[in-house]
Q: 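Structure provided below as structure tokens; questions to follow.
Owing to the predicted nature of the structure, the values given are computational and were not obtained by experimental measurement.
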Amino acid sequence: MRTAVVVGAGMAGLAAAGALARDGWQVTLLERGERVTAPPTALVLWPNGRRALEALDPDGGWAAIAAPLPDGGVRRPDGQFLVAPHARPGAGPAPAVVHLEDLYDALVAGLGTGVEIRTGVTVTTVRAHRAARPAVGDGRTYLEADLVVAADGIDSTVRHTLAPEAVAVGSGFAAWQAVVPAYRAPVLPPDQVAGGETLGAGYRFVSMPLGDRAAGRGGVYWVATAAGAPRPEPPAAQLALLRRWFASWPAPVGELLAATHPEDLVPQEVRELRPLPRAYGFRCGSGGLVLLGDAAHAMPHHLGQGACLAFEDAATLRSLVAAAEPGAALGQAVEEYDRARRPRTASVVRQSRRMSAVVQARGRLALRARDAALASLRPRILGHTHGLVTDWNPPE
């Protein structure tokens, strides 16, 4: 029986563990928390993310939990459109937004009986000797396997051991997320949609409706970002600050903030890896260790590709190790995973950093240049990104 240990029961870890188990692996899933829980927010599934999920679990019922993502265009704080709403290209699966509670429920249901979940386990040590099976430990015991999958996020202990050159640093801005449930969501005029993006001087506000089924209550998901360090105040004070910052912005920004309660607010310190790890796969013993998701390529979230790339990682790994037996074949699959994923993720990270620079523009001259160029720059960036996200397909 082929054995795998997956470190981290976030989206990436759940997806990888379930996929390996469906292929006959004996999987142990380690989670630092006392239980597997979903953050009370949402995410966008771009076409590459949807393809990856469907490859990982064709019977996952992803369409049933996702709502279409409307394009509300890009505006300035005075309400003037910088980029008018437009129809999205028809090729490939359409972008969709999904509540994380629904996504986690589907991923946990997909684990089946082939995954042993151990909660309350903090990995502190990693063994990656060439001649021994890879293993991880919590300071008391070691757990070894043919394959170790590090899906333990930006502060990954496994990555810190294997690729210490990759350091988590601040991205230069703070972010806040919230889901306003349907019963509190503002009622907008018929000619307005709850989805759209507004860009100011170092500030950004994005909103998107979740549909009627999301987490059993629908609603609207929003994300706000501001240049600078994370705020130290409690959620109620931070929410009051956001309402003041965005007070004069066009609907539905003020309306959504007014409908948000402090307990809805999820402040976030946005960090990234600089530089990226030198490798994503490390061969040893009967197989090796691989980095997946934010453990491999945490990046600014202005393109919304973090989770989608994590699902790509899991789908690629599953394909490469599907028929690989422990030994030379599995070791080669680990090395091939590295070759397949590093160029891809490096390209997306570069695009994400370019968009981050556009979003964080400040100062009169910089804003004029950004606004003048945005009509052509954004389609160029997103057009390239569109190619990145729609042209990717799971490996055979």
Side-chain angles (χ1 to χ4, degrees), residues 9-15 36-54 60-72 88 93-110 153 174-186 188 193-198 204-225 235 238-239 242 252-253 255-257 259-270 293-294 298-311 352 389:
M11 291 178 286
L14 290 169
V36 178
T37 57
T41 59
L43 65 83
V44 175
L45 287 174
W46 296 101
N48 58 321
R50 297 190 67 172
R51 286 196 181 103
L53 282 174
E54 289 163 3
W62 310 112
I65 64 173
L69 179 67
D71 187 341
R88 298 189 185 276
V97 59
V98 58
H99 197 291
L100 288 188
E101 290 181 11
D102 294 328
L103 182 60
Y104 270 64
D105 286 347
L107 291 171
V108 170
W176 297 262
Q177 302 177 66
V179 171
V180 179
Y183 69 88
R184 275 197 268 124
L188 301 176
V193 296
E197 176 178 350
T198 308
R204 184 192 196 197
F205 194 97
V206 182
S207 61
M208 53 201 79
L210 288 170
D212 298 330
R213 298 183 300 272
R217 57 182 181 272
V220 180
Y221 169 55
W222 63 259
V223 182
T225 61
Q238 293 192 44
L239 182 57
L242 291 171
V253 177
E255 290 81 353
L256 287 172
L257 289 172
T260 301
H261 290 177
E263 60 269 23
D264 301 326
L265 196 65
V266 181
Q268 181 184 9
E269 179 186 8
V270 182
D294 279 352
M299 69 189 79
H301 63 197
H302 286 118
L303 290 182
Q305 275 295 305
C308 294
L309 283 184
F311 294 140
S352 180
V389 300

Q: Nearest 0.5 Å, please: how far is CG in D294 from NE2 in H301?
A: 12.0 Å
Q: Compare every heavy atom of R184 with every heavy atom of A259, then report the nearest pair and how far apart it is.
A: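 So the two residues come closest at O-NH1, 2.7 Å.
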Q: Does A66 have any side-chain contact (heavy atoms from CB on, under 4.5 Å) partners at least two apart in sequence or in another chain, and if so, which?
A: A96
Q: At their closest point, which heavy atom of Y104 faces which heavy atom of T37, and how far apart are they?
A: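 Where Y104 meets T37 most closely, the heavy atoms are CE2-O, 3.3 Å.
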Q: Give me the atom names and distance for the closest heavy-atom approach of A12 to A310.
A: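 Taking every non-hydrogen atom into account, CB-CB, 3.8 Å.
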Q: Using the ring-ring contact (aromatic ring centres under 6.0 Å, His included) criterion, which residues pair with F205? Sequence neighbours excluded.
A: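 ring-ring contact (aromatic ring centres under 6.0 Å, His included) check on F205 returns W222, F246.
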Q: Can you find a heavy atom in the side chain of D105 that is under 4.5 Å from one in the side chain of I65?
A: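 Contact flag for D105/I65 side chains = no.
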Q: Taking the side chain as C-beta and beyond, is there a heavy-atom pair between F311 and M11 under 4.5 Å?
A: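 In contact.
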Q: Answer yes or no: is there a side-chain heavy-atom contact under 4.5 Å between L100 and P40?
A: no
Q: Start with the C-alpha distance between D264 and V179, add both sets of side-chain angles, then the distance that settles side chain to side chain contact (heavy atoms under 4.5 Å, CB included), and finish with yes or no.
A: CA-CA 6 Å; D264 301 326; V179 171; over 6 Å; no
Q: Distance check, rounded to the nearest 0.5 Å: L45 atom CG versus R51 atom CZ?
A: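 It is 13.0 Å, given to the nearest 0.5 Å.
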Q: Is there side-chain contact between R50 and P47, with at least one heavy-atom pair below 4.5 Å?
A: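 Sidechains of P47 and R50: no contact.
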Q: Can you see which heavy atom on P235 is nearest to which on P262, and at what distance?
A: CB-O, 3.7 Å
Q: Got a donor-acceptor contact below 3.5 angstrom from the W62 side chain to the L53 backbone?
A: yes
Q: Report the C-alpha separation of L239 and T260 in whole Å, then their side-chain angles, then the decisive distance to 0.1 Å, and conclude whether the side chain to side chain contact (heavy atoms under 4.5 Å, CB included) test is met.
A: CA-CA 8 Å; L239 182 57; T260 301; 4.1 Å; yes
Q: Nearest heavy-atom pair of P209 and V97: which atoms, and what distance?
A: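 Result for this residue pair: O-CG1, 3.2 Å.
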Q: Is the closest side-chain heavy-atom distance between Y221 and V206 below 4.5 Å?
A: no
Q: Just so I know, are the side chains of T225 and V270 near enough to count as touching, which here means a heavy-atom distance under 4.5 Å?
A: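 Counting from C-beta outward, T225 and V270 never come under 4.5 Å.
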Q: At what distance, to the nearest 0.5 angstrom, does CG of L107 lie from CG of D102?
A: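 Here the rounded value is 11.0 Å.
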Q: Which atoms form the tightest heavy-atom contact between N48 and C308, and what is the distance?
A: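 Where N48 meets C308 most closely, the heavy atoms are ND2-CB, 3.6 Å.
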Q: Indicate yes or no: at least one non-hydrogen side-chain atom of V266 is less than 4.5 angstrom from one of Q268.
A: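 Side-chain contact under 4.5 Å: no.
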Q: Using a 3.5 Å distance criterion without hydrogens, assess whether the side chain of H261 forms a donor-acceptor pair with backbone atoms of E263.
A: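 No; zero donor-acceptor contacts below 3.5 Å.
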